[in-house]
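Encoded as structure tokens, the structure appears first; notes follow it.
For this chain, numbers begin at 1 and follow the sequence in order. Only a predicted model underlies this, so the values are computations on that prediction, with no experimental measurement involved.
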Amino acid sequence: MGSHKSILKVTYATVGLAIIAVIALTIYQQRQIKKIIKAKSTEVSSSKQSENVPGNAAGHGGAEIKKDSATRDDSYDVLFKDLALSPEKQRALEAIFHDLKIRKTDMSVEMLDTSIPEEKRGEIRLNLEILKIDINKKIHDLIGRENFEKYVSYEERLRERTLLAAFFRSLSPNELPAKAREQAFIDAMFEKRKEIEAEHSLRNNETQSEADLESQVSRVMEVTDQTYSEYIKVAGMYLPPPQVEQFKNYLDQRRDTMTVSLNAMRQVFGNDSVSSQTDN
């Protein structure tokens, strides 16, 4: 048993370091890309004009399809199975998800610019909300009302689903709960998180500036601690005591990873960048 716990600790620590490295590398690459694009704006404009040539347009489209396929997000596998879409509609939905992820990343990277005024941050947040509305309309039109309702429910609970999926990988197959029980577990965790987030939203009431690093970090960690505490209470209703203890240790590891990530982001990108990363 002790050996198993040691292996889990090493695994969590390794995953945590990998997450930090990926976040840092991604943001660094995005910054470098933006610098190149800005320095070669004339060249980019010329390139865009050439896309109107039929041969170039076809080539560009083929590259995009390959990119979408290579970056497929498997966190939606359960949703796709439930929706039972045709292959064509599934590919179209995957492309929409990919586009949303890229555009949200671009906006997040823009928020990392410590020189932009608060009004600009507000504009970016507004554009993000507009993007969500636009994407939701596209999804609704593609898959229909009933499937769209399933999508919304799935998307709202994606954080809990992803968290549990990672934890369940540390259990043996015979220790896993039935699918219906797993879904009830996810639903109960989601409801607790929404209650806590609503409480903090009313309390803060937009009084804190995004540039106030320490208050932002403190808020995120406070919400995280309360949420994880409620998650553990919920786990007591769906897992046997030994697994509840494992789940608690797993959440402790995630919290430690979050703390290390915040500190690493602060050192690599500067204090103002941390508040832009904590909501991911």
Seminar exercise, completed: The side-chain hydrogen bond (donor to acceptor under 3.5 Å, both in side chains) partners of Glu155 (sequence neighbours excluded) come to Tyr76
Problem set entry | Residue list, side-chain hydrogen bond (donor to acceptor under 3.5 Å, both in side chains) with Asp252, at least two apart or on another chain | Lys248
Exercise. Within the distance-only criterion (no hydrogens, no angle test), does the side chain of Ser170 pair as donor or acceptor with the backbone N or O of Ala166 below 3.5 angstrom?
Worked result: no
Problem set entry | Test: Glu197 and Lys194 ion pair at under 4.0 Å | yes
For this session: Could you list the residues that satisfy side-chain contact (heavy atoms from CB on, under 4.5 Å) with Glu182, not counting sequence neighbours?
Result: Phe168, Pro177, Lys179, Ile186
Exercise. Taking the six-membered ring for Trp, are the ring centroids of Phe97 and Tyr151 within less than 6.0 Å of each other?
Worked result: yes
Exercise. What distance do Ile124 atom CD1 and Ser108 atom OG have between them, rounded to the nearest 0.5 Å?
Worked result: 9.0 Å
Only pairs under 3.5 Å count here: list side-chain donor-acceptor contacts from residues 227-243, not counting sequence neighbours, and write none if there are none.
from, atom 1, to, atom 2, distance (Å)
Thr227, OG1, Val223, O, 2.7
Tyr228, OH, Arg254, NE, 3.3
Glu230, OE2, Lys233, NZ, 3.3
Tyr231, OH, Glu160, OE2, 2.4
Gln243, NE2, Glu175, O, 3.3

Exercise. Do Leu251 and Leu163 have side chains that get closer than 4.5 Å, going by heavy atoms?
Worked result: yes
Seminar exercise, completed: One should read off an interatomic distance between Glu149 CD and His140 NE2, to the nearest 0.5 angstrom, of 8.0 Å
Exercise. How about Arg157 and Gln183: does a side-chain donor come under 3.5 Å of a side-chain acceptor?
Worked result: no
Exercise. In this structure, are over 12 heavy atoms from other groups packed under 6.0 Å from Glu146 atom CD?
Worked result: no
For this session: Tell me, please, which residues at least two apart from Glu123 pass salt bridge (charged side-chain N to carboxylate O under 4.0 Å, His left out).
Result: Lys120
Problem set entry | Inter- and intrachain pairs under side-chain hydrogen bond (donor to acceptor under 3.5 Å, both in side chains), touching residues 128-138, at least two apart | Lys137-Asp141
